Number of protein chains: 2
Amino acid sequence: MELAQQVGSRLRELRLERNLSLSALARLSGVGKGTLSELEAGRRNATLETLYALTTALDSPLTAVLGPDPARATLSGRAVDAVLVERYEDPAAVTEIYRIRIRTGAVQESDAHPPGTQEHLIVLSGTARVGAASAPVEAGPGEHAHWPADIPHVYAAVSGDVEAILTVRYPA
Amino acid sequence: MELAQQVGSRLRELRLERNLSLSALARLSGVGKGTLSELEAGRRNATLETLYALTTALDSPLTAVLGPDPARATLSGRAVDAVLVERYEDPAAVTEIYRIRIRTGAVQESDAHPPGTQEHLIVLSGTARVGAASAPVEAGPGEHAHWPADIPHVYAAVSGDVEAILTVRYPA
DNA sequence: ACAGAACGTTCTGTTTACGGAACGAAATGG
DNA sequence: CCATTTCGTTCCGTAAACAGAACGTTCTGT
């Protein structure tokens, strides 16, 4: 089964990253050697208890062997790929944090968001040109930009691909 | 078993939130009625396949039935509580994103981090006074502050508790 | 070169998670 | 007011996940 195979290969990856032999992990976790062998081969649908014993021995969260979280939405546009890292709702506003990459050679325009929306960008690498469509600013590695997003705004990479953290905050 | 009981009660919560009967969820998910009954009672160690069928029918990520992620480390200091939201490693640096709250009435001092470390703060609510110990700055809701963290620095809340997003980036 | 240990896979018997049927209780409706 | 449906739990036979043993193979060390 496909799910079992995905879990199996992730399990094997984690084990090898830690330079553990299959036998060693079996001993550490208290899981049978044969069980682990077949799990890694994707020939078993593990029980939660078994998975928990293994991930605990691997000092990993249980989620490390489950697929990428489908709730972690990804948005792809002309020049920007974004993956949602976190989303909070508080009484006043909704805050979303994205890990984004801006590709060179293209400009992405975004229409106005709800009134009061603000965006912050912290650049990790590359140089970005972002902000209000009428007055974009540049931000290099380690720098920050901030603009109102309730008017049309743009994202572009000036030099090299840009890795950055984008925070969007809009009234509830 | 304790793990099974936690999963069971979360499963029941999710089902009730959606106003589904146990029988209806069993039908939707293709899981046996008896199986689901005993799962919710915490009397079974579910198989991944079964859990996946159930969470899919509930339109929830698989992680919704697993406990809170223990990898989400929390740090508590004199004035600051921080929960790690995300951590990336790239060839050049490590980036950590925290959701933090700064309590009023106390000042937290932090010693110098590794050379080259930078911190960014985006304030969601309240007014913070943060930055180099020798030259802190104020940032109100929606504002941003940025300082080198390889020297002693401070965190304080000027008015009301401060909710904010803290990004720490230091060379690998 | 050979003994011994450790490796990962395959086999074996037991336990248990599974789907479905059977059950009594509560809700529904004609 | 009784017939029918739907509810959640319990029972049952089967399939499979489990721990541990047995196996051949590949390291390790003397």
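Only a predicted model underlies this, so the values are computations on that prediction, with no experimental measurement involved. Within every chain, numbering begins at 1; the chains are lettered A, B, ... in the order of the sequence lines, protein sequences first and strands thereafter.
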Mind calculating the distance between CG (B:L22) and P (C:dG20) to the nearest angstrom? 15 Å
How close do B:V162 and B:G126 get, heavy atom to heavy atom, and via which atoms? CG2-C, 4.0 Å
Any donor-acceptor N/O pair, A:R99 side chain to A:V83 backbone, under 3.5 Å: no
Please tell me whether A:T117 and A:D150 have a donor and an acceptor in their side chains that are separated by less than 3.5 angstrom. no
Is the distance between the ring centroids of A:H144 and B:H144 less than 6.0 Å? yes
Review item, nucleotides 18-23 of chain D N/O atoms under 3.5 Å of protein N/O:
| residue | atom | partner | partner atom | Å |
| --- | --- | --- | --- | --- |
| D:dC18 | OP1 | A:T47 | N | 3.1 |
| D:dC18 | OP1 | A:T47 | OG1 | 3.4 |
| D:dC18 | OP1 | A:T50 | OG1 | 2.4 |
| D:dC18 | OP2 | A:R44 | NH1 | 3.4 |
| D:dA19 | OP1 | A:G30 | O | 3.4 |
| D:dA19 | OP2 | A:G32 | N | 2.8 |
| D:dA19 | OP2 | A:T35 | OG1 | 3.1 |
| D:dA19 | N7 | A:T35 | OG1 | 3.4 |

Difference in axis direction between the ends of the helix from C:dA1-D:dT30 to C:dG30-D:dC1, five pairs, 10°: 30°
Tell me: CG of B:N19 to C1' of D:dT6, nearest whole Å? 16 Å
Pairs in or reaching into residues 107-135 of chain A: which pass salt bridge (Lys or Arg N to Asp or Glu O under 4.0 Å), with residues at least two apart or in two chains? A:R129-A:E138
Please give, in whole Å, the distance from D:dG8 C1' to B:L25 CG? 13 Å
Is the shortest side-chain N/O distance from B:R43 to OP1 or OP2 of C:dC18 below 4.0 Å? no
Check whether B:I100 and B:Y170 end up in the same hydrophobic cluster, where Ile, Leu, Val, Met, Phe, Trp and Tyr are linked by side-chain heavy atoms less than 4.5 Å apart. yes
So B:S37, base contact, sugar-phosphate only, or nothing? Heavy-atom distance under 4.0 Å. base
Using atom CG of A:L20 as one end and atom C1' of C:dG8 as the other, report the distance to the nearest whole Å. 15 Å
Can you find a side-chain donor-acceptor pair between B:S60 and B:R10 that sits under 3.5 Å? no
Euclidean distance, A:I165 CD1 relative to A:I122 CD1, rounded to 0.5 Å: 5.5 Å
